[in-house]
Each structure stands twice: as structure tokens, then as C-alpha cells.
Participant: 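Quick one: the structure is below, and I'll ask about it shortly.
Predicted, not measured: the structure shown is a model, and the values here were computed from it. We use all heavy atoms of the structure for the numbers below, so side chains are in, but hydrogens, waters and symmetry mates are not. So that the names make sense, note that chain A is the first sequence line, chain B the second, and so on, each numbered from 1.
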Amino acid sequence: MELAKTYDPTALEEKWYRYWLEHKFFAAKPNPDKEPYCIVIPPPNVTGQLHMGHMLNNTIQDVLVRKARMEGKEACWVPGTDHASIATEAKVVAMLKEKGIEKRSISREKFLEYAWEWKEKYGGIILDQLKKLGASCDWDRTRFTMEPNLSEAVTEIFVALYKKGLIYRGVRMVNWDPQSRTALSDEEVHYKEVNAKLYYIKYPIAENGGKPLLTTGNQQPETRNYLIIATTRPETIMADTAVCINPNDERYRHLHSKKAIIPLINREVPIIEDKYVSMEFGTGCLKVTPAHDLNDYELGLKHKLPVIDILNEDGTLNEKAQLYVGMDRFAVRKQIVADLEHAGLLEKVEEYKSNVGYSERTNAVIEPKLSLQWFLKMEELAKPALDNVLNDSIQFHPPRFKNLYRSWMENIHNWTISRQLWWGHRIPAWYLPDGDFVVAESPEKALELARAKDSTVTASSLKQDEDVLDTWFSSWLWPISVFDGFKNPDNPDIKYFYPTNDLVTGFDIIFFWVARMIMAGYEFKGEKPFRNVYFTGMVRDKLGRKMSKQLGNSPNPLELIAQYGADGVRTGMLFSSPAGNDLLFDEKLCEQGSRFNNKIWNAFRLVKGWQVQPVRSENGCDVNAAIRWFEARFNEVLTELEDHYQKFRMSDALQTVYKLAWDDFCSWYLEMVKPEMGQPIEREVYEATVRFFEDILKVLHPFMPFITEEIWQQLQERKRGESICVAPYPQVNGTADQGILPEAATVFEAITQIRNLRNSRGLSPKEPLPLFIRTENVVAYQPFECIIQKLANISSIGFVTDKVADAASFIIKADELYVPLSMTLDAEKEREKLTKELEYARGFRESVLKKLGNERFVSNAKPEVVAAEKQKLADAEAKIKALEEGLSRLG
RNA sequence: GGAACGUUAGCUCAGUUGGUUCAGAGCACCGCCUUGACAGGGCGGGGGUCGUAGGUUCGAGUCCUAUACUUCCA
């Protein structure tokens, strides 16, 4: 069979994924004989498309799951999707709009019909995309946050928390998104610093006879009948219910207990005093607008000010504003500034940087707005969730996220859980005709409770709350609900798989999701939901910019897979993804990934092409040392690899297997054992090579599942139903001869030096050269003799006790190696080189001597360190001796 | 205003308890090498006073202080 010169993943990936599914390698069920290993997927938005962030965190999850599966654990990766209340509703609204249908013109029932239709149409796409990536999820366990079982769990939890007194309803200042016309939680608001303007507006003083009111600086007291207020939001002045000054502010002492008049609408408001007002900012006078600013609201409560809400749900002004009714808030801002100026009431305008809140979903500017919402008290829930992260019962990777987590948990606000949307879990509260309400699991139960309050209530007079719950109110239950842990708390699945092992997610949802899952875990199961949390950073483009549709800098993951293969893209993503740090994505990384695949593929072609014979041919090379070396080296790397995995250093783990496969296996091992062109290979060597190759494939498999399966299947005869997916992961071999490693290192150094010699002298690699070695440790070289000849193209090796004249030489530790050259040596150059080396070695010796001569060092440093220094000294001295001899020989 | 267990080669990053065989890796760059597993390859090479300024120490990329910049949070 002819193997292609380059690896082509396209057909193979589909073939193997189908094979894996057919044989149910990804299916997991409780098995008392095996250790469980479980990950629940961060459920992507049901109507979403795979983006680079998904690619990253799902690749990491797959690596972890596949490795656990090969280690013989019962590996369970639970997939699923999130109904994504706001995002999905926005998409459906947009779709309807295209059809010419306004959401508000149709009934809730009709809208939900459309929404479900939409979900059915697009809901499976993202999961199919994950399959293309090679994700080894147990697809039979696929869940959806709005499927009946999970929805029931949400309702039950709501009722339970209400009964416990943790959920309450009330009028509070919330973050209002005028575009999607719903309240948002604090976490859904992102603040950005923007260039704004600070408007200085004149407010006339009521009942004033024109006495001097305001003095500024060194100027003469001016006669003014107004005060000046600086504000960034002039459009809200109609909602002002007071003007506030600092009681210690000397400039305004005469204003105490006076009244000010709001410009344009001429409404009188009291001038109040509060230390909250900064005397430095603006003019020291603050307009108080309780309806449209959180701080003003608090101030209003304190001073019992009335609240005038002048905004509609969509951000336009209502009748209470008296002016500009029906206009959008930003249009009003422009207009009112013009009108104030026209009326001579605008003193000046300054440039100003201010922080403005934006909706993370719609990017609309958030309005602080008073409204009636449902809230969840968080303090009690946060306590165990905080403690168990701080004491590492749940470990964060990297640990620095503990700080961020702590500062949020210690200043936690109550969670606004109601949303003025239709797509989602409807709040299980029902209102009686008199406005009182009951909270219950079902309409029947609600009616029962309502009748206890008022016996005249009927099913039709009881009205369910129109709002739905925040999406995260179902997501926070995910690690429990995917195993039906609420409906059926003692079922075998949840008992076996909960708590799960690792959670892999972006740090941007640490509060939205991670923190709340931890709270839910302790509150509802009395146990953590997972043991480790691995935080990924954001995927950015190579210039460090966020990936966004507007910039068009976000590659299409499926196109990348088509171009580089899933294995190539997976390795590409992991090449540069330190935990918690942003990943600057460059397509070049995927290219590097696919080149790596090709390298492995060609190693396979080489091995596959060998003819095997039982014994070594007469002039064959003894490569036993190569086998012993690789065994030891593999062991060493495996230990290192395991350490990286333990610390969740995925990028380092990949880097480690990359070098093992490319450098150690391909560049050294295969070159060492490779027979001459057309010659057969000894059976023993062949078998060792295949064994090593299989081990390499196994450690590579979690990173590049497809190509490793393909090669593994071809490397030896396999039975139907076998797969590298479930092949046992290599274990550290205690009997390997680790002692050969330093010897091999010396040999490799020698080979490199000889190659270097050729290079620097322009000698062809094809021209064989003789080699003489002067060493006290001949046995270290002997097993490698033939290998040195092969790799450095050496015609013969001789061990000598004296210097060799007319030869290029180099020094490795205390050994001296000579390569006689037919061409004449440039003695001057040679001397220069040796002198340079000698200088360095002497300098080195000096520093070691200085250190060892220092009494404080010898007495204070650890004995190992001192011993190491002494060894360094001995090595350096041997080297210096050899160099000096070399120099004297040159004359 | 607070936090960073951020600032190391052109780029992206390692560097674990302070010890000049640690100043490293990958990519990029520069040489040389194609009938040979792979040119998507091989063999070599150049390149950084570890943000800046002080300090502690026999010794600092590693610890302390200040400062600049960057990022995150409010």
C-alpha cells in the first residue's frame, strides 16, 4: 500500500469520529470498578455558532477527558446547551422583524412558538460543530437548560429559596437596558471610560432679591441670583427633586434652606445639605435625581425626597418630563443643551472622561432605573462558596483568580433574577386580584395557596408573573441538574459522578457562572460541584484585539478545521495558551500544528516502509544503546508531562510531547536506528520502535485524536472495536536505565560538535571523517560507537591517550575529541577559539572559587549547593587543563 | 480609587524554594544541505545589561521600596 507523502485529515477525521460513536467509546455509566472522571461542558448558547473561545476551552476539556479515559477512568463529559434568554430572544425578535412582525404585536404564546421553532432549527448546530473538533462527549447525555426536567428543577429551586426567605420582590434601582427593555444584573453591565462633556447649568434661586450669593476666587462678590450645577446628564434635570451642597462648604453658606428653580420647567426644589457632596467636583453643587442615578437614589431615601421617573422603558422621555416627551434620551441631551444655551442658562461646557455602563448583550447604554423586580439574597449563599475556594477545597488554576473571586464575594450584591423577557423560565409567582401574590411549583398549587388567602380567587383571576428568570438562574444548577440531581437526588449517576472533577471555562464568567455554581453546589447538595477550575483567557487576534464581528478579525473555526485539520487546529490553539492569560491567536499556530501532524505522519511512513529480518545483518549497526536511551528518555519526559498535567499547564504539556515526538523520537531515535536505504531492520529493533511509536501516539492522542487513531490502527494489526481512545496510557517504567541519559547527552554533544565543525569549515556532510577520543571513560562511548559513525558520518573511531596532532579538536567536560582534517588548519583561528573558551572557563572558575572562598557562603548555603559548586569547580578545572593543553599544542 | 502570584530575544511566552554550566523555548530571521520518511524537511547560526531607579545579600530575572507603562475591578 502506498502512503501519501503528506497527511490529509479530511476523510480520516469523519471516518474515525463515526467509528468512535459506533463503538460508544464516549459513553459513560457508573462503574464501581473504575474511578469516575467527569466534566460538565459550559453549555454554549443553543442558537449560537462555534467561535474561537469555544474551540479553546473545548479542546482543553477534550484533552483532559481523553487522557482520563486512557488512564482507565470512567470518563464522562456531559454536553448540552443553554437557552440563553436575552441572546436568543434578541435573535428571534430580529428574525420576526425581518418578517415584518413586531414582538409586541403578538401574544406571548405565539412568540414562544416562533422561538421554539427557531431553537429546533438552529439548536443542534453548535453541538455538531463540536463533533468536528473531535470532542469526546457522551452525546446520549446531552441536556438543554429549558428541557422539561431542568425547567422543573429551576421552579423547585425558586420556590425553595423563596420559602427560605432568600428570594424577595421589591422596588429597587436596577440596571435597565432600554434596547432589550429588561433589567440586568450588575454583572451584565460593563463599564467603559468615554469622552463626555460636563455641562455647567444655571439654576435660579427662588425668592431672591438680587443679593450677592456667590463668590468665586479673588473676584469681587458678584451679584447673582442663580447657582451653577455641573452635570454630564442635562436631559435628566426635569427629574431633579433637590439640589445638594456640602454643609461645610463656605461658598454656599447663604443658600441654606433656600430653594432652587429647575431651568426650563421652573419647578422649585429644596437645597439640601449632605457630606456626600464633594466640594472639589464641578461647582460643589449637585443636582439630585433619585429616579435616574443610584447615588442620588440613596440620597433621596435619606432625605425623603420624592422620585420623579421621566423615562419610558425604551429610553424615551415620558409626560412627567413635561418637555421633550417621546424623544430619545440622547436626542433630548442635544436639544436641551441648545435650549439652555438659548435661554442663557448654560454657563460653560467642559470635556470630561466618565465611566458609562453598557449592556454586555446589546451594548446599549444602561439607565439606572427604579423598578419592581425579583431578587436573590446572596450573602448567606456566598459564605461557604468563598471559604471553600480560599481553603483550596476547590482549586483555581491559575490561583491568582482567587483574589478576584474573593473581592467579588466579599462585596456581593443581591442578584436581580427577573428579566422582562418571554424566552426563559417563567417566574412561578401568581398574583391575586388585590395585588397580593403566591409562589408555587404549579398553577394548581398556586391556586390552592391563593384560596387560603382569598377564597373567592379562581384559576382565571390568578395571573402568573409575566417575567422570566435570568439565564444564569438555570445555569448555576447545571452540574447537578444534568444528572437529574434535583428531581431524583439519590440516583446512581449523581452519586457516582458528583462532585465532578474539572471545570474549564473563561474567566469572564467567573461571577456569572462559576461563583454561582459553587454556591448552588453547597446550598443544594452540601458539596462542591467540581474540584478544579481551569480558567482560560480570551482569544484575541495577533494584535491583541478582541475578536468581533465588526472588526472581522474572527476566523471561522470550521474553515480552520477544513484547512488545517481538527488536530492541527487543536494543537495550534494549545501551543500558546497559558492558563488564565489571553491567547493571541495567529493562524500560523494552526499551520505549525498541521506541520506537526505531517511530521508524525512521515515518521509513520518511514517505519511502515521497513523490511524486517530476524537478526542483524553482518555489517549492521548495533543500536541497542539507542533503544535503552529512548526508553529512559521517554520515562523522563513522561514524568515531566504528568507534572504539567497536574498543574493544568496544558501548553507546556503539549510543548513537552511535541519535543518528545519531534526531537527525541524523529530527530534522534529514528535517525539512530534507521537502516541504510534499502536495507532491512532487525526484528528486535523494529519491535522496540513500534512499541515506542505507540507510546508516543498515546501521549499525543489527547491533543490530536484523529491522526493518532489512524496511525495506531495501521501500525499493527487491530481487531474491530479496538481504539487508541481506550488504549492504556503509558506508565512510568521503574526498571528503565536512567543512567544512560548523561552518557547519551555527551554523545549527542559530540555529534553536534562534529556537525558544527563541518559547517564552520564548509565540509560536506557526505565526506566521512575519522574521530579520535581522549577520555578516561571509554565505556561511556563504546555502546554508541556505531551510532556516532552513522549520525556524524564518521569513518572510524579511535580511543587515544595522547593528543592528536594536526586535528581540529573540541572539549566536552573532561574529554577531548579530535577530528584530523586533510585540509590545513588555520592555527590562528583555532587558537582564538580556544582562547575564548579558556577565558570563559577561567572566569567561571573564578566566580566559583570566590563563592567557595566566602566563609558566609560556605556556612550559610545548603550543603547540596556547596557540593554542586565543588563539582562545578572540578569540571571547570578539568576543562581548563584540557584547553591549556590544546593551546600549547598549537604553539 | 483599588488589585495584579503583569512588564524577560523582532513576536508569543517559560524561568518552581535567590546560587554565572539558566538568561531559555517556539515562531520569525540568516547561512549551508534535495534521487534517501518529511523543503510543511535536515544541520547549524545570530539576537536580550530580564520596564526604569534605588535597596537587602557573599550573590538578584528571582526578595524589598519607589516610579512608568499595561491589564482587570469599582
Side-chain angles (χ1 to χ4, degrees), chain A residues 3-7 186 189-191 355 357 396 398-404 406-408 411 507-508 510-511 537-538 540 542-544 564 568 575-578 580-586 588-589 591-610 643-644 647 649 651-652 654-656 658-659 662-663 666-667 670-671 674-678 751-760 762-766 791-793 813 840-841 843-848 850-862 864-866 868-869 871-872 875-876 879:
Chain A
L3 291 172
K5 203 169 171 181
T6 49
Y7 173 65
D186 292 344
V189 180
H190 287 173
Y191 290 87
N355 277 321
F396 281 7
R400 64 187 156 95
F401 284 105
K402 279 163 80 174
N403 269 343
L404 184 62
R406 173 164 64 185
S407 65
W408 188 73
N411 300 293
F507 78 90
D508 51 324
I510 183 170
F511 308 130
M538 294 253 263
R540 297 171 178 274
K542 61 181 167 184
L543 300 175
Y564 302 102
F575 266 131
S576 166
S577 62
N581 281 0
D582 288 352
L583 180 149
L584 271 57
F585 181 79
D586 187 342
K588 274 212 167 112
L589 292 170
E591 198 185 317
Q592 198 188 340
S594 74
R595 283 182 191 179
F596 183 42
N597 283 334
N598 200 47
K599 183 72 185 175
I600 302 296
W601 179 251
N602 275 289
F604 168 61
R605 280 180 68 215
L606 174 70
V607 173
K608 198 68 188 168
W610 285 338
D643 185 52
H644 288 318
K647 292 173 179 156
R649 304 173 65 142
S651 211
D652 292 319
L654 172 62
Q655 198 77 242
T656 301
Y658 181 82
K659 283 194 209 160
W662 201 309
D663 298 344
C666 292
S667 296
L670 287 180
E671 290 300 328
K674 184 160 88 176
E676 296 278 317
M677 184 59 186
I751 292 168
T752 302
Q753 290 276 17
I754 296 164
R755 285 170 174 167
N756 194 357
L757 194 72
R758 287 180 195 278
N759 224 310
S760 61
L763 292 171
S764 162
K766 286 177 183 163
L791 265 56
N793 194 13
K813 290 195 174 166
Y840 178 82
F844 180 67
R845 180 180 60 181
E846 275 319 296
S847 74
V848 178
K850 194 176 147 203
K851 204 182 286 182
L852 285 168
N854 185 318
E855 207 179 306
R856 294 188 62 181
F857 170 71
V858 179
S859 52
N860 292 337
K862 289 184 212 154
E864 321 68 287
V865 175
V866 178
E869 289 303 310
Q871 183 57 47
K872 280 186 207 167
D875 288 351
K879 184 154 193 176

Participant: Strictly by Watson-Crick or wobble contacts shorter than 3.5 Å, is anything paired with B:C38, and which nucleotide is it?
Facilitator: none
Participant: Figure out the CZ/C1' separation between A:Phe575 and B:U12, and round it to whole Å.
Facilitator: 13 Å
Participant: When rounded to the nearest 0.5 angstrom, what distance separates CG in A:Leu584 from CE in A:Met538?
Facilitator: 11.5 Å
Participant: Which nucleotide, if any, forms a Watson-Crick or G-U wobble pair with B:A53, using both distances under 3.5 Å?
Facilitator: B:U65
Participant: Between A:Trp601 and A:Asp652, which is nearer to the 5' end of RNA chain B once each is assigned its nearest nucleotide?
Facilitator: A:Asp652
Participant: Looking at B:G26, B:C72, B:G40, which one has an atom nearest to any side-chain atom of A:Ser594?
Facilitator: B:G40
Participant: Hey, does the side chain of A:Lys674 come within less than 4.0 Å of B:A37's phosphate (OP1/OP2), counting only N and O?
Facilitator: yes
Participant: Between B:U21 and B:A66, how far is it from one C1' atom to the other, in whole Å?
Facilitator: 36 Å
Participant: Taking the P atom in each of B:G44 and B:C50, what is the distance between them to the nearest angstrom?
Facilitator: 29 Å
Participant: According to the Watson-Crick and G-U wobble definitions, with both distances under 3.5 Å, which nucleotide is paired to B:C29?
Facilitator: B:G45
Participant: Using a distance-only criterion (donor-acceptor N/O pair, under 3.5 Å, no hydrogens), is the base of B:A28 paired with the side chain of A:Gln592?
Facilitator: no
Participant: What residue among A:Trp662, A:Trp601, A:Tyr7 forms side-chain contact (heavy atoms from CB on, under 4.5 Å) with A:Phe596?
Facilitator: A:Trp662
Participant: For nucleotides B:U56 and B:G61, find the distance between their P atoms and express it as a whole number of Å.
Facilitator: 16 Å
Participant: I want to verify a distance call: between B:A14, B:C38, B:U12, whose nearest atom is closest to the A:Leu584 side chain?
Facilitator: B:U12
Participant: So what's B:U71 paired with, Watson-Crick or G-U wobble, going by both distances under 3.5 Å?
Facilitator: B:A3
Participant: Nearest heavy-atom pair of A:Ile751 and A:Ala792: which atoms, and what distance?
Facilitator: CG2-CB, 4.3 Å
Participant: Which nucleotide sits closest to the side chain of A:Arg595: B:G15, B:G41, B:A37?
Facilitator: B:G41
Participant: If the P atom of B:G42 is compared with that of B:A28, how far apart are they to the nearest Å?
Facilitator: 12 Å
Participant: Phosphate oxygens OP1/OP2 of B:G41: is one of them under 4.0 Å from a side-chain N or O of A:Arg605?
Facilitator: no
Participant: I'd like the P distance from B:C13 over to B:A3, given in whole Å.
Facilitator: 25 Å
Participant: By nearest nucleotide on RNA chain B, pick out whichever of A:Asp643 and A:Glu591 is the more 5' one.
Facilitator: A:Asp643
Participant: Rounding to a whole Å, what distance do you find between A:Leu404:CG and B:U71:C1'?
Facilitator: 12 Å
Participant: Might you point out which heavy atoms bring A:Ala603 and A:Leu670 nearest each other, and give the distance in Å?
Facilitator: CB-CD1, 3.8 Å
Participant: When you get a sec, tell me which of B:U34, B:G41, B:C27 is the closest nucleotide to the side chain of A:Lys588?
Facilitator: B:C27
Participant: Once you round it to whole Å, what is the distance between C1' of B:A25 and CZ of A:Phe596?
Facilitator: 15 Å
Participant: Measure the acute angle between the ring planes of A:Phe575 and A:Tyr658, then classify it against the limits of 30° and 60° as parallel, tilted or perpendicular.
Facilitator: perpendicular
Participant: Tell me the interatomic distance from A:Leu791, atom CG, to B:G44, atom P, rounded to whole angstroms.
Facilitator: 10 Å
Participant: Is any side-chain N or O of A:Lys5 closer than 4.0 Å to OP1 or OP2 of B:C38?
Facilitator: yes
Participant: Measure the distance from CG on A:Asp586 to P on B:U12 and round it to the nearest whole Å.
Facilitator: 11 Å
Participant: Rounding to an integer number of Å, can you tell me how far A:His644 NE2 sits from B:C13 P?
Facilitator: 18 Å
Participant: Using a 4.0 Å heavy-atom cut-off across all strands, classify A:Arg758 as base, sugar-phosphate, or nothing.
Facilitator: nothing
Participant: How many angstroms lie between atom NZ of A:Lys5 and atom CG of A:Asn598, to the nearest 0.5 angstrom?
Facilitator: 10.0 Å
Participant: At under 4.0 Å, does any side-chain N or O of A:Asn756 touch on OP1 or OP2 of B:G45?
Facilitator: yes
Participant: For the base of B:C38, is there a side-chain donor-acceptor partner from A:Lys599 under 3.5 Å away?
Facilitator: yes
Participant: Rounding to the closest angstrom, what is the interatomic distance between B:G18 and B:G59 at atom P?
Facilitator: 15 Å
Participant: Taking OP1 and OP2 of B:G44, is either one under 4.0 Å from a side-chain nitrogen or oxygen of A:Thr752?
Facilitator: yes
Participant: When the C1' atoms of B:C73 and B:U17 are compared, how many Å lie between them, rounded to an integer?
Facilitator: 32 Å
Participant: Distance check needed: B:G26 C1' versus A:Leu589 CG, whole Å only.
Facilitator: 9 Å
Participant: Would you say A:Trp662 reaches B:A37's phosphate, i.e. side-chain N/O to OP1/OP2 under 4.0 Å?
Facilitator: no
Participant: Between the side chains of A:Arg605 and A:Asn602, is a donor N or O closer than 3.5 angstrom to an acceptor N or O?
Facilitator: yes
Participant: Does the structure show a Watson-Crick or G-U wobble partner for B:U21, both distances under 3.5 Å? Name it, or say none.
Facilitator: none
Participant: Do A:Lys588 and A:Glu591 sit within salt-bridge range, that is, some charged N less than 4.0 Å from a carboxylate O?
Facilitator: no
Participant: Pick one for B:U34: is it syn, with its angle within 90° of 0, or anti?
Facilitator: syn
Participant: Select one nucleotide: of B:G40, B:A28, B:G6, the one nearest the side-chain heavy atoms of A:Asn598.
Facilitator: B:G40
Participant: Using only side-chain N and O atoms of A:Arg400, determine if any of them is under 4.0 Å from OP1 or OP2 of B:A4.
Facilitator: no
Participant: Mind checking the C1' distance from B:A9 to B:A23? Whole angstroms is fine.
Facilitator: 10 Å
Participant: Please report the distance, rounded to the nearest Å, between CZ in A:Phe507 and P in B:C73.
Facilitator: 7 Å
